[in-house]
Visitor: 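Have a look at this one before I ask anything.
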Amino acid sequence: MTGVNREIHLASRPDGWPTGENFRLVETEMPKPGPGQLLVRNQYMSVDPYMRGRMNDVKSYVPPFRLDAPLDGGVVGEVVASEADGFAPGDVVLHGLGWREYALVDAGSARIVDPGLAPVTAYLSVLGMTGLTAYAGLLEVAGMRPGETVFVSAAAGAVGSLVGQIATLKGAARVVGSAGSAAKVERLTALGFDAAFDYHDGPVRHALKAAAPDGIDVYFDNVGGDHLEAAISALRPHGRVAICGMIAHYNAAEPPAAPRNLALLIGKRLTLRGFLVGDHGHLRDEFVREMSGWLREGRVSYDETIVDGIENAPAAFLGLLRGENLGKMLVRL
Ligand code: NDP
C-alpha cells in the first residue's frame, strides 16, 4: 500500500494545562510490514487521562512520550496487510499504537477482537481496559460487599459510570456519584445512581453528607483533592478507598491542599489502596463474561463521546481533561 500516513507528535512538554501547541500533525510515508508485522488502518483511538502524565519527562509506571515522535495508546483498527501467521486482511485488532491513521504493529502486541460480538468501540470502553478498571477497582481493590454504600467521583466518565452500575448490580445498598455539570448529574440518575451531585455547586463534603447521610463504606477515587478529603470524612469504620486516579492534580502546578484529614484513617481503621489495571489481568476472563452478560440483558449502559479526525485528536484529549466527555472519549480516524 502506498500513500501518506498522518500522525500526531508531541511537539513540546506542557507546564500545567496542555494546549494545542504541544501537539503537531505530521505526514509520513505509508509504512510496509516486515516479517511478523501487520499494517493496520486505525479506526477508533482512545484518549485517556494517564496520557497527561506521559507528557511530562518524569519517571513513572509508563515511560514518558518522546518529543517529536508519535504519541501512542489504545486503538482498534482493521488489518490491511499481514506478514504474520494468524492474522489476515480484514481482521479487526486491538493494539497500542494509536494517534496515527495507519500503524505498523508487531503481531505479538495485537489481539484480534470480534466485531460481531460487540461494536468495535466497546473494546476500548465497556469491554476493554476502562471496564476492567471499574470492575477490578471496585470488587478486588476496594472489596465492595452487598449492602454497602459506594461513592464514586468523575462518575459520568468512562470508568466512573461503570463503577456505579457494577456496584448496583453487585448489591450495593446505595450508590452516589459526583460529576461536573447538571446534565451529567441527570445522566447518572438515568443510569440508576441513587444520588448524584455537581461538585461545582458547593463543598463536596456538604453534598456528600446530603447524598449519604449515614456515611459511605467504599470510595472509588478518580479525582483526589477535596473529593478524597470529603470521602475520608464520610467513610464509616473499616471503610476502603480504591485510588484509581487523581485527575484534579494532573495539571496542577502546586501539590494539592487536600486531603487534610488523614489522621481519621487511624480511628476509623480505613484502607486507602492505589492500583493499576495492568496488575488485574487475572480478572479479565471473568470480567468479560460477566460484563457481556449484563450488556446482553440490557443491565449496563455505556456512553461514548466521539470526535472525528486525527487532526482533532489533541482537541479531544484536551476536552477530556476539561470534562467535555460523557462516558468514554474516543476519536474516529
Ligand atoms: P473520564 O472519562 O472519567 O474523563 C475524565 C473526567 O474527569 C472528565 O470527564 C471530568 O468530568 C473529570 N474531571 C476533570 N477534572 C476534574 C476535576 N478537577 N475535578 C473533578 N473531576 C474532574 O476518564 P477515565 O474514565 O478514562 O478515567 C477516570 C480516572 O481513572 C482518571 O483519574 C484516570 O487517570 C484513572 N484511570 C486509572 C487507571 C488505573 O489503572 N489506575 C486506568 C484507567 C483510568 P467532570 O465533568 O465530571 O468534571
Side-chain angles (χ1 to χ4, degrees), residues 16-18 45-55 60-62 73-74 121 124-126 128-138 140-142 151-166 177-188 191 193 196-201 203-204 207-208 219-231 241-253 256-258 272-281 283-284 287 302-307 316-330:
W17 281 87
M45 62 168 255
S46 174
V47 288
D48 296 273
Y50 79 88
M51 292 170 176
R52 174 62 189 87
R54 295 190 65 194
M55 296 177 81
S60 180
Y61 63 96
V62 265
T121 56
L124 295 171
S125 59
V126 64
M129 183 270 275
T130 296
L132 183 59
T133 303
Y135 188 89
L138 180 69
E140 188 159 82
V141 179
F151 171 46
V152 54
S153 51
V159 172
S161 58
L162 296 173
V163 169
Q165 294 179 83
I166 295 170
S178 71
S181 71
K184 288 186 178 185
V185 167
E186 201 173 307
R187 179 65 185 143
L188 293 179
L191 288 176
F193 282 66
F197 60 87
D198 180 347
Y199 62 84
H200 297 108
D201 287 348
V204 178
L208 184 55
Y219 172 46
F220 191 107
D221 191 19
N222 288 318
V223 167
D226 55 352
H227 273 82
L228 180 55
E229 183 173 291
V241 182
I243 307 276
C244 177
M246 293 201 176
I247 196 165
H249 307 192
Y250 295 173
N251 297 306
L272 273 67
R273 192 173 152 206
F275 75 100
L276 290 173
V277 61
D279 293 339
H280 297 266
L283 290 178
R284 181 177 298 281
F287 153 71
Y302 62 102
D303 296 310
E304 293 174 338
T305 302
I306 298 181
V307 169
F317 174 66
L318 301 176
L320 170 82
L321 298 177
R322 287 193 295 262
E324 289 168 12
N325 58 307
L326 191 63
K328 180 79 192 128
M329 186 69 116
L330 296 170

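As the structure lists them, so they are numbered: ligands from 1, and atoms in each ligand from 1. It should be emphasised that the depicted structure is a prediction, and the values quoted were computed from it without experimental measurement.
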Visitor: Quick one: does Y50 get an N or O within less than 3.5 Å of an N or O on ligand 1?
Guide: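 No - when backbone and side-chain N and O of Y50 are compared with those of ligand 1, no distance drops under 3.5 Å.
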Visitor: Answer yes or no: is there a side-chain heavy-atom contact under 4.5 Å between T133 and C244?
Guide: yes
Visitor: Does ligand 1 have any atom that is closer than 4.0 Å to a heavy atom of M129?
Guide: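 M129 counts as a contact of ligand 1 under the 4.0 Å cut-off.
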Visitor: Please report the closest heavy-atom contact between L283 and Y135, naming both atoms and the distance.
Guide: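 Shortest heavy-atom separation between L283 and Y135 comes out as CD1-CD2, 4.4 Å.
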Visitor: What is the closest protein heavy atom to atom 34 (O) of ligand 1, and at what distance does it sit?
Guide: Y250 OH, 2.8 Å
Visitor: Using a 3.5 Å cut-off on N or O atoms only, is R322 in polar contact with ligand 1?
Guide: no
Visitor: Please determine if T133 has a nitrogen or oxygen closer than 3.5 Å to a nitrogen or oxygen of ligand 1.
Guide: no
Visitor: To the nearest 0.5 Å, what is the distance between OH on Y61 and OH on Y50?
Guide: 7.5 Å
Visitor: Select the closest option to atom 36 (N) of ligand 1 among S161, C244, G323, S178, judged by heavy-atom distance.
Guide: C244
Visitor: Using heavy-atom distances, let me know which of N222, N251, L276 sits nearest atom 29 (C) of ligand 1.
Guide: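 Going through N222, N251, L276 one by one, N222 has the nearest heavy atom to atom 29 (C) of ligand 1.
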Visitor: Touching ligand 1 at all, I243? Heavy atoms, strictly under 4.0 Å?
Guide: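 No, that is not the case, since the closest heavy atom of the residue is not under 4.0 Å from the ligand.
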Visitor: Report the member of A248, A156, A158 with the shortest heavy-atom distance to atom 18 (N) of ligand 1.
Guide: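 Residue with the shortest heavy-atom distance to the ligand atom: A248.
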Visitor: May I ask you to identify the nearest protein heavy atom to atom 44 (C) of ligand 1, giving residue, atom name and distance to one decimal place in Å?
Guide: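 Scanning the protein heavy atoms, the shortest distance from atom 44 (C) of ligand 1 goes to V159 CG2, 4.1 Å.
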Visitor: Would G278 count as being in polar contact with ligand 1, using the rule that some N or O on each side must be under 3.5 angstrom apart?
Guide: no
Visitor: Let me confirm one number: the CZ-CG distance from F317 to N325, rounded to the nearest 0.5 Å.
Guide: 11.5 Å
Visitor: Pick whichever of T305, I247, V223, V204 has a heavy atom sitting closest to atom 13 (N) of ligand 1.
Guide: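 Of the listed residues, I247 has the closest heavy atom.
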Visitor: Contact between ligand 1 and G327 is defined here as a heavy atom of the residue under 4.0 Å from a ligand atom; is it met?
Guide: yes
Visitor: For atom 15 (N) of ligand 1, grab the closest protein heavy atom and report residue, atom and distance to one decimal in Å.
Guide: L321 O, 3.7 Å
Visitor: Quick one: nearest non-hydrogen protein atom to atom 3 (O) of ligand 1, plus distance?
Guide: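 I find the closest protein heavy atom is G157 CA, 3.3 Å.
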Visitor: So M51 and L320, do their side chains get closer than 4.5 Å, heavy atoms only?
Guide: no
Visitor: Looking at every non-hydrogen atom in both residues, tell me the closest pair between D198 and A182 and how far apart they are.
Guide: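 Looking at all heavy atoms of both residues, the shortest contact is OD2-N, 3.7 Å.
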Visitor: Hey, is ligand 1 close enough to N325 that some N/O pair sits below 3.5 Å?
Guide: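 For ligand 1, there is an N or O atom that lies under 3.5 Å from one belonging to N325.
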Visitor: Distance to 0.1 Å, residue and atom name: give those for the protein heavy atom nearest to atom 27 (O) of ligand 1.
Guide: P49 CG, 3.7 Å
Visitor: Less than 4.0 Å is my threshold; does some heavy atom of M246 fall inside it relative to ligand 1?
Guide: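 Per 4.0 Å heavy-atom rule, M246 contacts ligand 1.
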